[in-house]
Amino acid sequence: MNRDVRVRFAPSPTGPLHIGGVRTALFNYLFAKKNNGTFILRIEDTDQTRFVPGAEDYIVESLKWLGISPTEGQGIGGEYGPYRQSERGVYKPYANQLIDSGWAYYAFDTPESLSELRVKAEENKETFIYNFKTRQTLNNSLVLSKDEVDAKIAAGEPYVIRFKMPEDQVVEMLDIIRGEVKMNTKELDDKVLFKSDGLPTYHLANVVDDYLMKISHVIRGEEWLPSLPLHVMLYKALGWSDVQPAFAHLPLILKPTGNGKLSKRDGDKMGFPVFPLEWQSPNGEISKGYREDGYFPKAVVNMLALLGWSSGTDQEIFSLEELSNIFSLERVGKSGSKFDPDKAKWFNQQYLRETSSEELSQLFTPFLKDKKVDFNPESLPEIIEMVKDRVHFVHELWDQTFFFFEAPTNYNEKVVDKRWKGDVPELISLLVEKFEALDKFDVESIHHAVEALLQEKEAGMGKLMNAVRLAMTGDAIGPDLKQMMVILGKDESIQRLRTAVNNI
RNA sequence: GGUCCGUUCGUCUAGGGGUUAGGACACAAGAUUUUCAUUCUUGUAACAGGGGUUCGAUUCCCCUACGGACUACCA
């Protein structure tokens with residue numbers, strides 16, 4: 001079958017978008033791009049009880065930040081809208097169609113009566129399942145007469161519509177990632193398709209919408225695999241088997257340690273974000289986001305792309321454009337991947353290194369303003385150039401550069417003990433004299449001054465420079481000293497040397 | 001419990017009937033260095049177990065173990 005590639009990302013607006021959901025969106029995006037297809041955003045909000053204000057905006061903004069915005073759907077538009085399921089109102093006729101053709105039936109059982117049955121079954125170490133074995137004993141249109149059913153409905157009694165799962169049929173399914181999967185319908189239950197609140201459940205809604213929106217490929221998380229047989233049966237029951245989309249179920253993203261699905265808790269515990277953007281829940285609780293933690297969106301995309309997919313080569317750094325050209329579902333792995341926070345940092349570092357020092361200066365400026373220090377924007381790129389290979393994040397630049405912006409007020413005691421002894425203070429004083437005599441204060445002249453002093457006093461480079469470093473930074477840290485002093489300037493450098501002699 | 005999916009270094013993964021099982025992260029060591037880093041080099045480290053099939057299995061098949069997902073009028 002040769003048809004236009006149309007894929008959808010269909011989250012439900014119940015909270016911030018989880019990193020696993022982001023990856024699902026990314027793979028959909030990449031697959032669409034690769035195949036000149038359309039990437040659609042559909043909001044699956046058929047459960048009003050779980051609706052969370054702001055969640056939809058959060059989803060849209062997250063995708064935007066990552067640069068993987070849909071080309072059709074909620075917030076964008078398109079000819080298959082509305083793209084919010086709660087606004088579509090198209091489902092009931094299909095549910096009715098299934099009833100008319102005998103694939104579905106009305107059920108009047110109350111939630112209470114069903115949970116009672118479940119509890120009772122559990123007491124006997126059994127599981128209650130609403131299926132071909134039990135449906136004849138329950139309160140539904142299969143056992144009630146037509147008049148009784150009509151009367152109940154006319155009286156406004158709440159009901160749901162359930163799928164009448166065949167008793168013994170083998171459903172054969174093809175998953176692009178896992179190959180052929182078989183399942184017998186006798187293991188399945190009579191799922192609710194239409195709820196008593198007048199809205200469809202996910203199962204009906206996603207099949208109907210995928211059909212109406214001409215979705216060609218359903219790419220979603222592995223947690224949906226168990227309901228695939230139901231969906232395939234629904235396509236069959238609705239007579240849409242010939243246009244049924246292809247399915248690909250993505251492996252899960254697991255927590256870094258131990259086992260299980262990655263959750264918000266893991267992030268809190270281990271200090272890494274599980275969400276793309278910071279999120280404040282209605283109760284005020286704040287969850288960290290990749291954006292706020294200083295990650296580049298490109299790094300997040302790159303990192304996520306390699307969680308479950310690989311190019312088959314040794315290349316690890318991919319732009320979104322590259323990924324769009326080479327992505328394929330066939331190269332998605334079958335097994336779940338543990339999330340590795342260290343690797344995420346490493347990816348960010350790679351992108352930080354590719355960022356120009358000028359650009360990094362722009363990004364770093366807000367942090368400097370926050371610290372309320374004076375700085376010369378002109379020299380910022382030069383400073384950053386010296387230290388950019390040392391950090392993973394822009395905000396880490398401060399720890400590597402603070403001494404450019406403020407003179408040390410105290411000195412690392414260990415370094416003092418080790419480097420500030422004997423005739424060191426004298427040497428430093430002499431160096432101050434040498435510096436004062438300099439007309440030009442550049443790397444070369446500093447070098448000559450230092451060399452001259454070392455020769456006169458027959459002292460070693462390490463002895464002198466380590467002490468100078470202590471005077472400049474208050475510690476045994478920092479990039480090349482001569483460059484550092486040039487940027488600080490003659491006056492400030494001499495000032496710091498003097499302060500050290502006087503205060504240590 | 002039942003059903004389904006999965007299992008290559010600690011982690012992400014490549015590979016695929018005959019390979020010294022490759023790369024990356026992390027870790028360790030050495031080199032460079034005026035410090036801390038960076039960088040470079042090197043190293044430690046894996047085919048879950050048991051049966052088949054085969055001249056040969058990590059690769060194909062089966063079983064077991066382990067892990068995960070699902071099992072709602074949630075998605």
Side-chain angles (χ1 to χ4, degrees), chain A residues 10-14 44-47 49-50 85 107 109-111 114-115 118 122 125-127 129-130 158-162 173 175 177-178 181-184 186-189 191-197 199-203 205-206 220-229 249 251-252 254 256-261 303 306-317 331 333-347 353 386-391 399-400 412 415 418-419 450 460-470 472-473 475-482:
Chain A
S12 67
T14 54
E44 310 236 335
D45 57 348
T46 53
D47 183 0
T49 63
R50 294 209 309 160
Q85 287 184 328
D109 317 272
T110 63
L114 291 176
S115 75
R118 287 198 182 93
E122 206 158 318
K125 289 188 177 168
E126 284 165 4
T127 313
I129 307 172
Y130 209 125
Y159 65 88
V160 301
I161 296 174
R162 283 181 183 271
M173 299 155 285
D175 182 280
I177 293 166
R178 283 149 223 288
V181 180
K182 284 184 196 171
M183 182 87 124
N184 194 304
K186 70 182 166 198
E187 314 288 357
L188 275 16
D189 59 347
K191 276 275 180 293
V192 172
L193 301 178
F194 208 87
K195 298 179 284 175
S196 57
D197 65 2
L199 286 170
T201 60
Y202 169 82
H203 301 294
N206 104 88
R220 76 231 294 195
E222 189 185 343
E223 67 268 27
W224 292 110
L225 198 49
S227 49
L228 179 58
H249 290 88
L252 266 14
L254 310 168
T257 54
N259 301 302
K261 235 161 110 172
M303 180 260 303
L306 263 51
L307 219 48
W309 173 86
S310 80
S311 69
T313 70
D314 285 346
Q315 186 180 347
E316 299 222 74
I317 301 301
R331 292 206 62 84
K334 299 186 206 317
S335 50
S337 332
K338 285 183 183 163
F339 176 79
D340 183 355
D342 280 332
K343 193 82 183 235
K345 285 184 186 171
W346 178 81
F347 275 112
R353 286 178 180 191
M386 279 189 258
V387 300
K388 66 188 276 193
D389 281 350
R390 303 164 173 241
V391 299
D399 287 339
Q400 300 294 333
N412 184 328
V415 181
K418 193 174 172 192
R419 304 295 189 189
V450 168
M461 177 75 87
K463 184 177 174 184
L464 178 64
M465 292 307 258
N466 281 311
V468 172
R469 183 174 295 283
L470 178 63
M472 292 300 147
T473 68
D475 209 334
I477 55 170
D480 184 79
L481 261 182
K482 289 162 196 157

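The figures here come from the full heavy-atom set of this structure, side chains too, leaving out hydrogens, waters and symmetry mates. Throughout, a chain's letter reflects where its sequence line sits, starting with A, and its residues are numbered from 1. Quick caveat: nothing in here was measured; it's all calculated off a predicted structure.
- Within 4.0 Å of A:Gly312, counting heavy atoms only, lie sugar-phosphate atoms of the nucleic acid but no base atom.
- When the P atom is used for both B:A48 and B:G43, the distance is 25 Å, rounded to whole Å.
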Short N/O separations, protein against nucleotides 47-49 of chain B, under 3.5 angstrom:
none

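- With both ends at atom P, the span from B:G49 to B:A65 equals 16 Å, rounded to whole Å.
- Residues passing the side-chain contact (heavy atoms from CB on, under 4.5 Å) test with A:Asp475 are A:Asn412, A:Val415, A:Thr473, A:Ile477, sequence neighbours excluded.
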- Message: Treating primed atoms plus P, OP1 and OP2 as sugar-phosphate and everything else as base, which nucleotides of nucleotides 61-75 of chain B get B, S or - for protein heavy atoms under 4.0 Å?
- Response: ------SSSS-SBBB

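- Applying the side-chain contact (heavy atoms from CB on, under 4.5 Å) test to A:Glu122 and every residue at least two apart in sequence or in another chain returns nothing.
- Not counting sequence neighbours, the partners of A:Lys388 by the side-chain contact (heavy atoms from CB on, under 4.5 Å) test are A:Leu352, A:Ser357, A:Leu360, A:Ile384, A:Glu385.
- Residues passing the ring pair (Phe, Tyr, Trp, His ring centres under 6.0 Å) test with A:Trp346: none are found, sequence neighbours excluded.
- Partners of A:Arg331 under the salt bridge (charged side-chain N to carboxylate O under 4.0 Å, His left out) rule, at least two apart in sequence or in another chain, do not exist in this structure.
- Every residue was checked against the side-chain contact (heavy atoms from CB on, under 4.5 Å) condition with A:Asp399, not counting sequence neighbours, and none meets it.
- Scanning for ring pair (Phe, Tyr, Trp, His ring centres under 6.0 Å) contacts around A:Tyr202 gives A:Trp224, A:His231, with sequence neighbours left out.
- When the ring pair (Phe, Tyr, Trp, His ring centres under 6.0 Å) test is applied to A:Phe347, no partner is found at least two apart in sequence or on another chain.
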- Message: Does the protein touch nucleotides 20-28 of chain B at the base, only the backbone, or not at all? Give it as B, S and - per nucleotide, heavy atoms under 4.0 Å.
- Response: ---SBSS--

Check the interface with nucleotides 32-34 of chain B: list each N/O to N/O pair with the protein under 3.5 Å, or write none.
from	atom 1	to	atom 2	distance (Å)
B:U34	O2'	A:Asn466	OD1	2.6
B:U34	O2'	A:Asn466	ND2	3.1
B:U34	O2	A:Arg469	NH2	3.2
B:U34	O4	A:Asp480	OD1	2.6

